[in-house]
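Have a look at the structure below before the remarks.
We number each residue from 1, following the sequence as shown. Atom set for the values below is all heavy atoms of this structure, side chains included, hydrogens, waters and symmetry mates excluded.
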Amino acid sequence: MKVLHVETGKNLFGGALQVLYLLRGLKERGVSNILVCTRGSALADQARGLADQVHPLPMAGDLDLRFIWRLRRIIVSAAPDIVHLHSRRGADVLGGLAAAFTGSRTILSRRVDNPEPRPLVHLKYRLYDRVITISEGIRKVLVEEGLDPSRIRCVPSAVDLEKYRPGCEGEWFRREFSLGEENRTVGMAAQFIKRKGHEYLLEAVPRVLQSFPAARFLLFGKGPLEAVMKGVCRTLRIEHAVLFPGFRTDLHRILPCLDVVAHPAQMEGLGVSLLQAAASGVPIIATRVGGIPEIIRDGMNGRLVEPGSSRALAEALVRLLGSAETRRAMGAAGRRIAEEEFSTAAMVEGNLRVYGELLQGA
């Protein structure tokens with residue numbers, strides 16, 4: 001079997017990281033991979049050796065119509081059995097058109113739960129033979145917008161269980177972030193964009209500090225709203241308690257050392273950072289939106305709160321920070337859930353089932 005993958009993300013997190021896991025697993029199972037990615041992307045370097053061919057292309061976004069012809073030439077030359085489109089930015093519609101012009105069997109992976117206009121859904125999804133959603137929450141959105149459920153398959157995202165696992169290097173962690181043993185820590189790992197809800201966590205901080213003055217909040221990531229969030233900290237006078245360590249490639253060392261992970265997103269397809277936290281044995285407080293409840297079972301491995309409520313988030317944080325026993329129990333439950341439901345092997349096998357079904361004409 002030969003599969004041509006298209007992933008236009010530049011950084012190796014989220015969907016691009018899932019593509020890397022998939023390429024590795026498919027290669028181990030004898031599948032021939034061809035990767036089309038954005039020129040200069042981190043995935044281009046990491047995928048060499050996992051894909052028989054890697055084609056870094058210039059990609060200027062959804063209006064880069066020349067991408068259709070660049071991709072079409074590669075599809076014609078490679079003659080894959082399946083074209084698998086993995087990312088939204090430019091790859092879904094433009095990639096779908098390129099594949100359609102070649103008559104290829106085409107799959108789209110949908111990783112976000114933001115709604116689309118029904119007329120667009122009616123036209124756009126004609127381009128794909130199957131749609132793979134990474135959560136039942138996303139599947140529900142598509143069905144509600146009119147997509148035929150028989151064309152949708154759910155294959156959850158995966159976490160590297162060997163890389164992300166419990167076990168804190170306490171001295172390194174405290175030294176790295178200038179913390180003391182008295183500091184209880186709350187982490188959040190997400191792009192600084194509106195739908196991730198950073199402002200609700202920051203609004204919760206003053207209430208948490210009333211109960212735990214030494215609590216520290218570590219916001220990992222980068223994005224267009226980072227400066228805005230730093231301004232919110234100044235307004236709330238909580239700069240002393242909030243750290244902005246930037247984008248880190250060593251979250252596997254950091255997550256196990258956190259007391260709690262918070263994720264007050266307004267929309268979330270599933271949440272790879274939540275999978276990583278669960279696999280690291282950390283309890284999670286997040287919002288009841290999108291695919292998040294498929295990772296976090298309220299009362300088992302974390303707490304779910306309503307989106308947009310900084311008060312509810314603060315109350316949940318105070319309760320969890322106040323009980324080390326509850327944190328340990330929830331962390332252990334999260335690890336079990338990650339092992340049982342979100343392994344890379346399960347994700348790879350799920351995609352292979354969809355490939356086989358499509359090739360067999362089912």
Exercise. Are side-chain N/O atoms of Gln53 and His55 paired as donor and acceptor at under 3.5 Å?
Worked result: yes

Exercise. Between Ser104 and Thr102, do the side chains contain an N or O donor and an N or O acceptor separated by less than 3.5 Å?
Worked result: yes

Exercise. Are Tyr355 and Arg130 linked by a side-chain donor-acceptor pair shorter than 3.5 Å?
Worked result: no

For this session: May I ask you to say whether Glu226 pairs ionically with Lys230, meaning some side-chain N is under 4.0 Å from a carboxylate O?
Result: yes

For this session: Determine whether Val208 and Val186 fall in the same hydrophobic cluster, where Ile, Leu, Val, Met, Phe, Trp and Tyr are linked whenever their side-chain heavy atoms lie under 4.5 Å apart.
Result: yes

Exercise. What distance do Ser273 atom OG and Ile295 atom CD1 have between them, rounded to the nearest 0.5 Å?
Worked result: 8.0 Å

Exercise. Is any side-chain N of the basic residue among Asp81 and Arg105 closer than 4.0 Å to the acidic one's carboxylate O?
Worked result: no

For this session: Could you give me the CA-CA distance, side-chain angles and deciding distance for Phe192 and Phe244, then say whether side chain to side chain contact (heavy atoms under 4.5 Å, CB included) is met?
Result: CA-CA 11 Å; Phe192 284 90; Phe244 292 83; 3.7 Å; yes

Exercise. Do other residues, nucleotides or ligands put more than 12 heavy atoms under 6.0 Å from the CZ atom of Arg66?
Worked result: no

For this session: Could you check Glu116 against Tyr125 for side chain to side chain donor-acceptor pair (under 3.5 Å), going step by step and ending with a plain yes or no?
Result: CA-CA 11 Å; Glu116 297 173 296; Tyr125 288 88; 2.8 Å; yes

For this session: Kindly say whether Ile74 contributes a backbone atom to a donor-acceptor pair with the side chain of Arg72 at under 3.5 angstrom?
Result: no

Problem set entry | Residues Arg70, Asp64: salt bridge by 4.0 Å N-O rule | yes

Exercise. Are Val272 and Val19 joined in one hydrophobic group, where the rule is that I, L, V, M, F, W and Y side chains link up if heavy atoms are under 4.5 Å apart?
Worked result: no

For this session: Would you indicate whether the side-chain heavy atoms of Met330 and Thr326 approach each other to under 4.5 Å?
Result: yes

Problem set entry | Lys/Arg N to Asp/Glu carboxylate O, Arg335 vs Glu339, below 4.0 Å | yes

Exercise. With a 4.0 Å cut-off, would you call Lys196 and Glu268 a salt bridge?
Worked result: yes

Exercise. Taking atom types as modelled, is there a side-chain donor on His84 or Ser109 under 3.5 Å from an acceptor on the other?
Worked result: yes

Exercise. Do you see a donor-acceptor pair shorter than 3.5 Å between the side chains of Thr8 and Ser87?
Worked result: yes

For this session: Ignoring hydrogens and angles, tell me if any N or O in the side chain of Thr287 forms a donor-acceptor pair with the backbone of Val305 under 3.5 Å.
Result: no

Problem set entry | Pairing of Glu171 and Arg174 as salt bridge, 4.0 angstrom limit | no

For this session: For the pair Arg253 and Glu176, find out whether any cationic side-chain nitrogen is under 4.0 Å from an anionic carboxylate oxygen.
Result: no

Problem set entry | Within-4.5 Å side-chain heavy-atom neighbours: Cys233 and Ile238 | yes

Exercise. Just by modelled atom types, is the Val282 backbone N or O under 3.5 Å from a matching donor or acceptor in the Arg327 side chain?
Worked result: no

Exercise. Does the salt bridge (Lys or Arg N to Asp or Glu O under 4.0 Å) test come out yes or no for Glu315 and Arg303, once each step is laid out?
Worked result: CA-CA 11 Å; Glu315 291 172 354; Arg303 290 292 182 185; over 6 Å; no

